[in-house]
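Before any comments, here is the structure.
Each residue takes its place number in the sequence, starting with 1. Counting starts at 1 for both ligands and their atoms, following the listed order. Only a predicted model underlies this, so the values are computations on that prediction, with no experimental measurement involved.
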Amino acid sequence: MNINLLKQIPVILRSQPDPRFIAQQLRKPSGDFAKEVGQKMDIVNKPLFDLTLEVLNPNENDRILEIGFGTGKFLEKMFSIEENIDISGIDYSEEMVKLAKQNNPDLLSSDKLDLRKAESDSLPFDDSSFDKVFCNMVIYFWDHPKEHLAEIYRILKPGGAFYTGMREYESMLTFPFVEHGFNLFRVEQWENILVKNGFSLLESRRQQDAPLEIDDMKIQLISCCIAAGKDK
Ligand SMILES: C[S@@+](CC[C@H](N)C(=O)[O-])C[C@H]1O[C@@H](n2cnc3c(N)ncnc32)[C@H](O)[C@@H]1O
């Protein structure tokens, strides 16, 4: 295909968003469309980040890992609650790693933040090295949750906790793209999966997000954060 025609494809898709394409981009943002997808994720997922932050409640000296950080736009909020923490993040999208690095230059140069390209079923960290691990809107893309949860369990310190940020099942159904490769869970189903994979349930908190308008859609979502511990 002519190279100039190839360059035009994202523009064409932008004017006619295809739910299958959006689903692929949310699973792994890539190419020219990645930045735009990232900006939309930030609008929709900010309230969920705030909820997860509230439940996770960073403590002094915590070593924290975010899986699937996307644009990494909200990471600095964690330091506004507790300055003396150390955050690592992984995302398997090259474009998101680049964008998140651009969004956090000061934290990266202060060595309080480390952002890397990696996959959550093969985490590049030692056993028992984190106090807290969290991910927001990522579990939908785990085709075999067991493999990702085993890795999270391995790198958590005994007594550490994993925080899953997700939306209620019915909230997810408001998005037409979830038909295309999203693994959807009810909160109770996800809690059962966590328990089957060795975690103990600590807390599940729900919040009704403020109404949002995005791409001519008016939406109101219910955010959930489930905290699950690794026993001491
Ligand atoms: C829907 S976005 C959510 C981004 C961000 N957490 C938020 O709440 O806006 C999912 C992100 O997780 C990343 N991701 C999905 N599966 C992953 C995996 N197995 N390992 C690492 N990153 C993953 C994607 O690249 C993408 O940046």
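- Of the listed residues (Met137, Lys46, Glu151, Lys73), the one carrying the non-hydrogen atom nearest atom 1 (C) of ligand 1 is Met137.
- Looking from atom 20 (N) of ligand 1 to the surrounding protein, the closest heavy atom is Ser120 N, 3.1 Å.
- For atom 2 (S) of ligand 1, the closest non-hydrogen atom of the protein is Met41 SD, 3.2 Å.
- If you number the atoms of ligand 1 from 1 as listed, the ones under 4.0 Å from a heavy atom of Met96 come out as 27 (O).
- The heavy-atom pair separating Ser93 from Pro29 by the smallest distance is OG-O, 2.7 Å.
- Atom 9 (O) of ligand 1 has its closest protein heavy atom at Asn45 ND2, 2.9 Å.
- Only the backbone of Arg27 comes within 4.0 Å of ligand 1, judged by heavy-atom distances.
- With no hydrogens or angles considered, a side-chain donor-acceptor pair links Arg167 and Ser223 at under 3.5 Å.
- Under the 30°/60° scheme for interplanar angles, the aromatic rings of Phe49 and Phe74 are found to be tilted.
- Between the side chains of Asn84 and Glu82, no donor-acceptor pair is found at a separation under 3.5 Å.
- Closest to atom 3 (C) of ligand 1 among all protein heavy atoms lies Asn136 O, 3.7 Å.
- Within ligand 1, counting atoms from 1 as listed, the ones closer than 4.0 Å to a heavy atom of Phe141 are 1 (C), 10 (C).
- Under the 30°/60° scheme for interplanar angles, the aromatic rings of Phe130 and Phe125 are found to stand perpendicular.
- Considering backbone and side-chain atoms together, Glu119 places no N or O closer than 3.5 Å to any N or O of ligand 1.
- In this structure, Phe162 and Phe199 have tilted ring planes: the angle between them lies in the 30° to 60° band.
- At a 4.0 Å cut-off, at least one heavy atom of Val138 sits close enough to ligand 1 to count as contact.
- Residue contacts with ligand 1 for Tyr92 involve both N, CA, C or O and side-chain atoms from C-beta outward (heavy atoms, distance under 4.0 Å).
- By the 6.0 Å and 45° rule, Arg27 does not stack over the aromatic ring of Phe141.
- Here the straight-line distance linking atom OG1 of Thr164 with atom CD1 of Ile226 works out to 5.5 Å at 0.5 Å rounding.
- Shown in contact with Pro29 at under 4.0 Å from a heavy atom are these atoms of ligand 1, numbered in order with element: 24 (C), 25 (O), 26 (C), 27 (O).
- For the pair Glu94 and Lys101, the salt-bridge criterion is not met [side-chain N within less than 4.0 Å of a carboxylate O].
- In terms of protein heavy-atom proximity, atom 10 (C) of ligand 1 is closest to Leu26 O, 3.5 Å.
- Ligand 1 lies less than 4.0 angstrom from a heavy atom belonging to Ala118.
- Contact check on Lys77 versus Asp50 returns a salt bridge, with a Lys/Arg side-chain nitrogen under 4.0 Å from an Asp/Glu carboxylate oxygen.
- Residues Glu95 and Lys117 are not paired through a salt bridge, judged by the lack of any N-O separation under 4.0 Å between the basic side chain and the carboxylate.
- The shortest N or O to N or O distance between Asp91 and ligand 1 is under 3.5 Å.
- For atom 5 (C) of ligand 1, the closest non-hydrogen atom on the protein side is Gly68 O, 3.5 Å.
- In the vicinity of His148, heavy-atom distances shorter than 4.0 Å reach the ligand 1 atoms 19 (N).
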